[in-house]
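Okay, so here's the structure we're looking at.
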Amino acid sequence: MKLLATIDEAVATFVHDSVQSDPVDAAAHRAFLATRVGLSLVALACAPLALACGATPAGWEAGALAWLSLPFAAALALSRTGDLRVGEALSLASWVGLAATVALGTGSSLGLALLLMIPVEAATAVTAGAAVPAVLAALAVALLAALRARFGVPVAPTLTPLAAAALAAALAYAGLLAALSGRTARLRGAAARADRARYRALADAVDDVVLHLDRAGAVARVGCATQRLFALPPSELAGRGLFERLHVADRPVFLRLVADAADGRGGTATLRLRTGRTVASERGPFDEPVFASVDLVLRRPHPGEAAGEGRPVAAVGLMRDVSARVEQDGRIALAQASADRTHAGRDMFLATVSHELRTPLNAIIGFSEMLSNPALVPVDPEKRRDYAGIIHSSGQHLLAVVNGILDASKIESGSFDIQPEPFDLRDLVGLCCDMVGLKADQTGVRLARDVAPAAAELVGDKRACKQIVLNLLSNALKFTPAGGCVAIAARPDGNSVLITVSDTGVGIAARDLPRLGDPFFQARASYDRPSDGTGLGLSVVRGLVGLHGGTIAIESAPGQGTRVSVRLPQDCRRVASAPNGVTKIETIPRYSSGVRHVGVPSGGRMHKIA
């Protein structure tokens with residue numbers, strides 16, 4: 001063993017520098033150098049021994065000896081150039097020449113036996129395509145030897161000492177070549193297994209799934225990280241599995257990406273993949289699938305790259321789970337949209353409040369200046385009373401605006417605390433009707449009320465309920481022309497009380513219904529709107545109803561009036577209020593005229609406003 005190690009170390013010094021860094025290629029070069037140099041040295045050593053035995057070499061024997069020296073030239077070419085193809089070609093040429101010389105020179109079976117060394121030499125060659133020409137050359141030599149034996153003068157098949165030595169050297173060479181070739185094959189197998197192990201370790205370590213796809217989008221090979229990333233075994237994504245697990249809306253994008261990659265235009269797409277995980281459904285006793293957002297990067301494969309089942313590979317790429325990034329981008333987009341709405345709301349707030357405050361302030365300042373200036377004060381007492389009334393109404397308007405802003409701000413921030421107490425709803429409705437009765441008389445609008453006795457008892461914040469009824473009545477009166485009617489009714493409905501305020505006013509267009517309840521929004525908000533206001537009334541009502549755990553429904557149509565239905569629990573202490581007073585408003589864009597209970601009419605559509 002030490003001798004073999006010593007020989008291996010000595011031969012290693014002649015290996016070309018280009019393959020020294022690759023253990024497998026270096027081992028193949030050492031095996032080639034050792035066997036070819038050894039063969040030539042044995043052949044050269046046998047020649048003097050045969051001569052010493054008294055044998056006179058024939059012409060074919062001298063030729064055979066010359067051919068046996070050619071492997072040494074092959075080893076020298078390999079050591080100088082590092083090109084194994086040149087050395088293997090010279091080595092095969094030496095065996096073809098040796099077999100042809102012996103077979104044609106003697107006609108004995110020794111030449112035919114040496115022909116068997118040609119396929120052995122070709123089988124152990126590393127260079128691809130060397131076996132075919134070598135076997136063809138061996139067949140040609142065998143054919144020539146057969147023709148010589150048929151038509152030529154056969155030579156007696158005697159086995160001379162030199163021939164016997166050559167045969168023994170050939171057999172020893174064949175055995176050594178087979179042993180070293182097996183060793184090289186084992187090294188190559190070990191290197192291949194190590195590469196596969198490193199690839200699997202790398203594929204398992206990174207958060208990417210390697211994919212090989214054909215032109216139809218079927219997966220021919222898939223990485224092992226699918227179980228860890230998506231709770232799916234690789235077999236679930238093989239074939240058409242990946243395509244079937246993609247979201248239906250993303251499948252055309254996937255097929256386009258594969259086609260582009262197959263045509264040499266690589267690309268990236270974010271897709272939704274149905275994973276092996278599920279979550280409990282909120283809508284029934286079943287589980288819902290979980291979709292993961294993935295980035296799929298595809299490119300055209302290198303020439304000759306193939307998949308495990310032999311199908312041609314049209315695209316290779318990586319698939320990465322980016323659900324966290326997509327979710328973060330969604331949160332950022334929502335935050336940006338919220339910030340934009342906040343900025344827009346702030347601008348609208350400033351514009352609306354400045355308008356609503358500037359108009360009454362101008363009236364107060366102007367008329368108070370006239371009353372305080374002796375040169376401008378009217379002589380007529382009736383005129384002075386009118387000016388004082390304008391100042392008073394402007395002040396009341398300012399107070400209403402400020403109170404509305406404060407209430408809306410408290411409700412929005414969650415600092416509006418309700419104090420539930422039992423009270424009589426009939427008395428509250430009567431008080432509110434009395435408060436707006438003067439305005440109804442002035443505008444020529446008939447005011448009607450109907451509170452069922454069973455709905456009289458209510459437990460809630462009396463001040464907040466009063467503000468709800470007042471705001472609804474004021475809005476109804478504001479948009480009802482002279483000769484119209486505003487009616488308020490209350491009746492029990494299960495464990496709740498249904499308060500309905502209806503009018504025969506201008507109504508609300510369907511395009512404005514989805515925005516009802518937004519602060520500072522007014523339906524028909526234009527220069528020709530019939531009434532002034534901040535648009536905070538319904539927003540405050542919405543918040544106060546939400547704090548009581550109630551609901552609101554509105555049905556309206558242009559020219560057909562409006563009906564607002566507020567449903568409040570008879571005891572708000574037993575129900576949970578909406579967070580920050582935010583409740584949904586159910587809206588119905590059209591209904592047939594006539595007095596009836598609020599519901600979804602035939603042909604009507606319901607909108608829910610959060």
Test your reading of the model: is there a side-chain donor-acceptor pair from [X] to the backbone of [Y], 3.5 Å cut-off?
| X | Y | result |
| --- | --- | --- |
| Arg384 | Val379 | yes |
| Arg274 | Arg245 | no |
| Thr226 | Leu232 | yes |
| Arg251 | Glu244 | yes |
| Asp250 | Arg272 | yes |

Would you say [X] has more than 12 foreign heavy atoms packed within less than 6.0 Å of its [atom1]?
| X | atom1 | value |
| --- | --- | --- |
| Arg277 | CZ | yes |
| Arg256 | CZ | no |
| His247 | NE2 | yes |
| Lys383 | NZ | no |
| Asn495 | CG | no |

Practice problem: For side chain to side chain contact (heavy atoms under 4.5 Å, CB included), just list the numbers for His548 and Cys465, CA-CA rounded to whole Å, side-chain angles, deciding distance to a tenth of an Å, and then say yes or no. | Solution: CA-CA 9 Å; His548 282 79; Cys465 292; 3.9 Å; yes
Quiz item: Considering the options Val316, Leu242, Leu318, which one meets the side-chain contact (heavy atoms from CB on, under 4.5 Å) requirement together with Leu211?
Solution: Leu242
Which atoms form the tightest heavy-atom contact between [X] and [Y], and what is the distance?
| X | Y | answer |
| --- | --- | --- |
| Leu425 | Ala490 | CD2-CB, 3.8 Å |
| Arg567 | Ser496 | CG-CB, 3.6 Å |
| Cys572 | Gly460 | SG-CA, 3.7 Å |
| Val445 | Pro481 | CG2-O, 3.5 Å |
| Val210 | His212 | CG1-CE1, 4.0 Å |
| Gly395 | Ile364 | N-CD1, 3.7 Å |

In the structure I gave you, are the side-chain heavy atoms of [X] and [Y] within less than 4.5 Å of one another anywhere?
| X | Y | result |
| --- | --- | --- |
| Phe423 | Leu428 | yes |
| Phe479 | Asp503 | no |
| Leu255 | Phe243 | yes |
| Thr504 | Thr480 | yes |
| Leu371 | Ile391 | yes |
| Phe291 | Pro289 | yes |
| Leu229 | Met319 | no |
| Ile499 | Val429 | no |

Atom [atom1] of [X] and atom [atom2] of [Y]: how far apart are they, to the nearest 0.5 Å?
| X | Y | atom1 | atom2 | value |
| --- | --- | --- | --- | --- |
| Asp321 | Thr275 | CG | OG1 | 9.0 Å |
| Leu213 | Leu298 | CG | CG | 6.0 Å |
| Asp461 | Glu421 | CG | CD | 7.0 Å |
| Arg320 | Asp295 | CZ | CG | 8.0 Å |
| Leu470 | Cys433 | CG | SG | 9.0 Å |
| Gln336 | Asp340 | CD | CG | 4.5 Å |

Quiz item: So Val564 and Asn475, side chain to side chain contact (heavy atoms under 4.5 Å, CB included) or not? Walk me through it.
Solution: CA-CA 10 Å; Val564 181; Asn475 276 346; over 6 Å; no
Quiz item: What's the verdict on side chain to side chain contact (heavy atoms under 4.5 Å, CB included) for Lys466 and Leu431, showing C-alpha distance, side-chain angles and the deciding distance?
Solution: CA-CA 9 Å; Lys466 176 184 175 183; Leu431 176 62; 4.2 Å; yes
Quiz item: Charged N to carboxylate O below 4.0 Å: is that the case for Asp263 and Arg215?
Solution: yes
Practice problem: Show your working on side chain to side chain contact (heavy atoms under 4.5 Å, CB included) between Leu498 and Thr500 and close with a plain yes or no. | Solution: CA-CA 6 Å; Leu498 183 63; Thr500 304; 4.0 Å; yes
Quiz item: Taking atom types as modelled and ignoring hydrogens, do the side chains of Gln328 and Arg331 form a donor-acceptor contact shorter than 3.5 angstrom?
Solution: yes
